[in-house]
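Note that ligands are numbered from 1 as they come in the structure, with each ligand's atoms numbered from 1 the same way.
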Amino acid sequence: MTAATAVARRVGVFGGAFDPPHWAHCSLAQTALEQLQLDILHILPTGHAWHKARVLSPAEHRVAMCRLAFGDLPEVRLDEREIHRQGPSYTADTLKELQNEYPQATLFLVLGADQLLAFKTWVRWEEVLALATLAVANRATNIGADAPLDQAQEADLSGVDLPFVRLNMPLKNISATAVRARVSEARSRSGALEVLVPERVAGYISQHSLYQPPT
Ligand code: ATP
């Protein structure tokens, strides 16, 4: 155990495919750090994401882009454990490991509204709930590839019968789906990508020709 893990009292856990990481992910991480007064925030790119129908980009690219997107935030730790885990990766297992690493700490699981609404489909969700406090940022109702950036209609969370704390993040209607769609459709509009992802992530996507349509 390092000195940092020994003293951390408020530990954030933010998982995602991050394919690619975008501005809403950065805002969510920043908001969680500030509002929850986290000592440390683990960013966990998923390994084999059991709930995503699509095949994800190789982990090495997603990890590299996470480094570029989150690297400047204080107290962030890029945590690759789910990528290295054999077989399907479950949040309950990750939280158990983190509880052992930070025996004194309160764990906060950071997520967006879409994931809260689907929470009871998660494998061993009751265990997740017992291990961590859910900290949720709202999301627009339409999060598809064609969703307008300025859409202001929030998902309705009033019917959710789970305990959670709200993260007060201004609505950012960005999704990785929309980023991938924009890259694959519009080579000529490359500059427009920085509205959706940090400049360094846009540079990485272009350098490695990610999300191009099949030729
Ligand atoms: P995709 O479009 O490929 O499904 P995504 O944009 O939802 O991807 P993920 O990496 O799956 O990105 O998301 C990781 C976490 O970040 C999830 O908890 C998700 O709800 C949250 N999140 C992503 N985008 C937003 C957003 N615009 N506002 C709030 N939360 C978000």
Could you walk me through whether Glu75 and Leu41 pass side chain to side chain contact (heavy atoms under 4.5 Å, CB included), step by step? CA-CA 6 Å; Glu75 319 302 351; Leu41 174 62; 5.8 Å; no
Contact check: [X] vs ligand 1, nitrogen or oxygen atoms, below 3.5 angstrom:
X	result
Met169	no
Asp114	yes
Asn173	no

Of the side chain and backbone of [X], name the one, both, or neither that has a heavy atom under 4.0 Å from an atom of ligand 1.
X	value
Ala24	side chain
His22	side chain
Asn138	backbone

Considering only heavy atoms of [X], which atoms of ligand 1 have at least one such atom less than 4.0 Å away?
X	value
Gly16	10 (O), 14 (C)
Phe18	10 (O)
Phe14	15 (C), 16 (O)
Leu111	18 (O)
Ala176	1 (P), 2 (O), 3 (O), 5 (P), 6 (O), 8 (O)
Thr177	1 (P), 2 (O), 3 (O), 4 (O)

Do Phe70 and Phe18 have ring centres separated by under 6.0 Å?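 Judged by ring-centre distance (under 6.0 Å), Phe70 and Phe18 do meet the cut-off.
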CG/Asp19 to OG1/Thr177 distance, rounded to the nearest 0.5 angstrom?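 Rounded to the nearest 0.5 Å, the CG-OG1 separation comes to 9.5 Å.
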Rounded to the nearest 0.5 Å, how far apart are NE2 of His22 and CZ of Arg180?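 Between atom NE2 of His22 and atom CZ of Arg180 there are 9.0 Å.
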State if [X] counts as touching ligand 1 under the rule of any non-hydrogen atom under 4.0 Å.
X	value
Leu116	no
Gly15	yes
Arg180	yes
Asp19	no

Just by distance, with hydrogens left out, do Arg139 and Ser175 show a side-chain donor and acceptor under 3.5 Å apart?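 Distance-only check fails for Arg139 and Ser175.
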Tell me whether the count of non-hydrogen atoms from other residues, nucleotides or ligands lying under 6.0 Å of CD in Gln37 goes above 12.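 No, the 6.0 Å shell around CD holds no more than 12 heavy atoms from other groups.
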Do the side chains of [Y] and [X] get nearer than 4.5 Å, heavy atoms only?
X	Y	value
Gln115	Thr91	no
Pro163	Leu129	yes
Met65	Leu210	yes

Which residue from Arg139, Arg62, Gln115 reaches closest to atom 31 (C) of ligand 1 through any of its heavy atoms?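 Answer by nearest heavy atom: Arg139.
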With a 3.5 Å distance limit and no angle check, can you tell me whether Trp122 reaches the backbone of Leu116 through a side-chain donor-acceptor pair?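 Checked: no pair found.
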Say whether, by atom type as modelled, one donor and one acceptor occur between the side chain of Asp39 and the main chain of Arg10 under 3.5 angstrom.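 Yes; at least one donor-acceptor contact below 3.5 Å.
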